[in-house]
Amino acid sequence: MDEVVKIINDIKSGNIKPIYFLMGDEPYYIDKLTEYIEQNVLQDHERDFNQTILYGRDVTIQDIVGNAKRYPIMADKQVVVVREAQELSKTIENLDSYALNPQPTTVLVVAYKYKILDKRKKLIKSLVKNGLVFESKKMYDNQVGTWVTRVLQGKGFTIEPKANAMLVEFLGNDLSRISNELDKLQIILPKGSLITAKDIEVNIGFSKDFNVFELQDALGTKNQFKAYQIAQYFANNPKDKPLVVITSLVFSFFIKLLKYHGLTDKNPKNVASILGISPYFLKDYDVALKNYPMKKVSSIVASLRVIDVKSKGVGANGLPTHDLLKEMLVKIFN
């Protein structure tokens, strides 16, 4: 994220704000910025007396202000970090008096996860005027693959498209969890390695053969035997991939296929952009496009809507996962 890079570069150049209010739904960047400030604003020998870590559940706003107003000891600055500050959401507006006149020798970091400030209130205006407010937004699923590639490139690794797609499929847009899994791979694999689907399966524990990604491939190529094998695996391992998630992902695949049918400009770059997929996987959609005429895709989408409702327990009369998956495949292949 460009804004994160700018904040870090400003700190490196000595342009350090007295308050960093880090908020939003995506904890990954909040954690990264907090860690960076903790590790880089003060020198090692200054931290013992001048770096204070507080937790929102254990303190009040008055405690935070009291710590922030202290003077540093044998250093130019002190750092006060408030982790899990969202625990103070009911009283956070009381920080306004300090934000109006922050201590210039203090760097106050407020990690306010999973929430954002009401932008109509005085506090955010004071923070913007005298400090820095950073909103960490959740990344869209179709942006995560590019993020994974960029993070790995920065650490001297590359990843094949299928392996990248598997990570996004299984971990969604949880950047912290993805980052932890990537860290594991970087410890295990030599620097400069190409991370493969096999590496994902062996070291992270996902099956490269029995997953929604492979189910989508089987559906697109009309490989009925493989599709029923994968469906059976899902039925036997419902915790790995709940039925409601399976139907949602299959529905998404056919919706994209329906959009593809309706495009007048079928230039690969345009198609990949409109469908929100990597150009690498466009060939899979080309195959499916030939196997499923537009009228058939429309019929499948209508059937999947019904099955999705049943998967949520509406009008299904307690049908087991196996039966609903079988019904889904029958509707698609027949």
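Heads up: numbering here begins at 1 and tracks the sequence.
Looking only at distances, a side-chain donor or acceptor of N130 sits under 3.5 Å from a matching main-chain atom of L100. Side-chain atoms of T149 come within 3.5 Å of backbone N or O of G145 as a donor-acceptor pair. Side-chain atoms of Q186 come within 3.5 Å of backbone N or O of L182 as a donor-acceptor pair. The backbone N or O of L175 lies less than 3.5 Å from no partner atom in the side chain of S179, so there is not a single donor-acceptor pair. The backbone N or O of I64 sits nowhere less than 3.5 Å from a side-chain atom of N67 that would complete a donor-acceptor pair. S298 places a side-chain N or O within donor-acceptor distance of the main-chain N or O of M294, the cut-off being under 3.5 Å. Side-chain atoms of N270 come within 3.5 Å of backbone atoms of D265 as a donor-acceptor pair (strictly under, hydrogens ignored). A donor-acceptor pair under 3.5 Å is absent between the side-chain atoms of E38 and the main chain of I53, judged by distance alone. Of the possible polar contacts, one joining the S303 side chain to the S299 backbone as a donor-acceptor pair under 3.5 Å is found. Formation of a donor-acceptor pair under 3.5 Å by the Q216 side chain with backbone atoms of F253 is not found in this model.
Side-chain contact check for L132 versus D10: every heavy-atom pair is 4.5 Å or farther apart. The shortest distance between side-chain heavy atoms of T247 and L243 falls below 4.5 Å. In this structure the side chain of V301 reaches within 4.5 angstrom of the side chain of F251, judged on heavy atoms. Side-chain contact between T52 and R70 is present, with heavy atoms from C-beta onward closer than 4.5 Å. Annotation: side chain of I195 is in contact with side chain of I200 (closest heavy-atom distance under 4.5 Å). The shortest distance between side-chain heavy atoms of Y98 and K69 falls below 4.5 Å.
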>> Go through it in stages, so that I can follow the logic: the residues are D286 and K266, the test is salt bridge (Lys or Arg N to Asp or Glu O under 4.0 Å), and I'd like the CA-CA distance, side-chain angles, deciding distance and then a yes or no.
In response: CA-CA 10 Å; D286 287 335; K266 287 187 167 59; over 6 Å; no
>> Please determine whether side-chain contact (heavy atoms from CB on, under 4.5 Å) holds for the pair I332 and V250, giving the CA-CA distance in whole Å, both sets of side-chain angles, and the decisive distance to 0.1 Å.
In response: CA-CA 10 Å; I332 291 171; V250 172; 4.0 Å; yes
> Checking side-chain contact (heavy atoms from CB on, under 4.5 Å) for the pair F157/L185: CA distance, chi angles, key distance, verdict?
Replying inline: CA-CA 10 Å; F157 291 82; L185 290 172; over 6 Å; no
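A salt bridge is absent between E3 and K6: the closest approach of a Lys/Arg side-chain nitrogen to an acidic carboxylate oxygen does not fall below 4.0 angstrom. Ionic pairing of D284 and K162 is not present here: no N-O contact between side-chain nitrogen and carboxylate oxygen is shorter than 4.0 angstrom. Ion pairing between K137 and E26 fails under the 4.0 Å rule for side-chain N and carboxylate O. D217 has a carboxylate O that lies under 4.0 Å from a charged side-chain N of K226, or vice versa, which qualifies the two as a salt bridge.
Taken together through direct or relayed side-chain contacts under 4.5 Å among Ile, Leu, Val, Met, Phe, Trp and Tyr, I255 and L329 form part of one hydrophobic cluster. The hydrophobic cluster containing V133 also contains V80, counting ILVMFWY residues as joined when their side-chain heavy atoms lie under 4.5 angstrom apart, directly or transitively. Y20 and Y114 are assigned to two separate hydrophobic clusters, defined by single-linkage of ILVMFWY side chains at heavy-atom distances under 4.5 Å. Linking ILVMFWY residues whenever their side-chain heavy atoms come closer than 4.5 Å, directly or via other members, leaves L95 and I30 in distinct clusters. A continuous path of Ile, Leu, Val, Met, Phe, Trp and Tyr side chains, each step under 4.5 Å between heavy atoms, connects I116 with L88, placing both in one hydrophobic cluster.
Counted within 6.0 Å of NZ on K17, heavy atoms from surrounding residues, nucleotides or ligands total 12 or fewer; the atom is thus considered open. Sparse packing is recorded around NZ of K259, with 12 or fewer heavy atoms of other residues, nucleotides or ligands lying under 6.0 Å away.
Minimum interatomic distance between M328 and I246 (heavy atoms only, all atoms of both residues): CE-CG2, 4.4 Å. Residues G56 and V82 approach most closely at N-CG1, 4.3 Å, considering heavy atoms. Closest non-hydrogen pair, L325 versus A231, comes out as CD1-O, 3.3 Å. The nearest pair of heavy atoms linking V330 to Y228 is CG2-OH, 3.6 Å.
The CD1 atom of I73 lies 6.0 Å from the CG atom of N50; values are rounded to the nearest 0.5 Å. Note: D174 CG to L167 CG = 12.0 Å, rounded to the nearest 0.5 Å. How far CD of E35 is from CG of N40: 11.0 Å, rounded to the nearest 0.5 Å.
No donor-acceptor contact under 3.5 angstrom links the side chains of T34 and D31, judged on distance only. T196 and D199 form a side-chain donor-acceptor contact under 3.5 Å, judged by distance and modelled atom types alone.
Identified under the side-chain hydrogen bond (donor to acceptor under 3.5 Å, both in side chains) test for residues 115-129, with sequence neighbours left out: D96-S126, D118-R120, K119-E135.
The side-chain hydrogen bond (donor to acceptor under 3.5 Å, both in side chains) test applied to Q86 returns E84, not counting sequence neighbours.
Y112 and F21 have tilted rings, their planes meeting at an angle from 30° to 60° on a 0 to 90° scale. Between W147 and Y28, the angle of the ring planes goes over 60°, which puts this pair in the perpendicular group of the 30/60° scheme. Using cut-offs of 30° and 60° for the angle between ring planes, the Y292 and F254 rings count as perpendicular.
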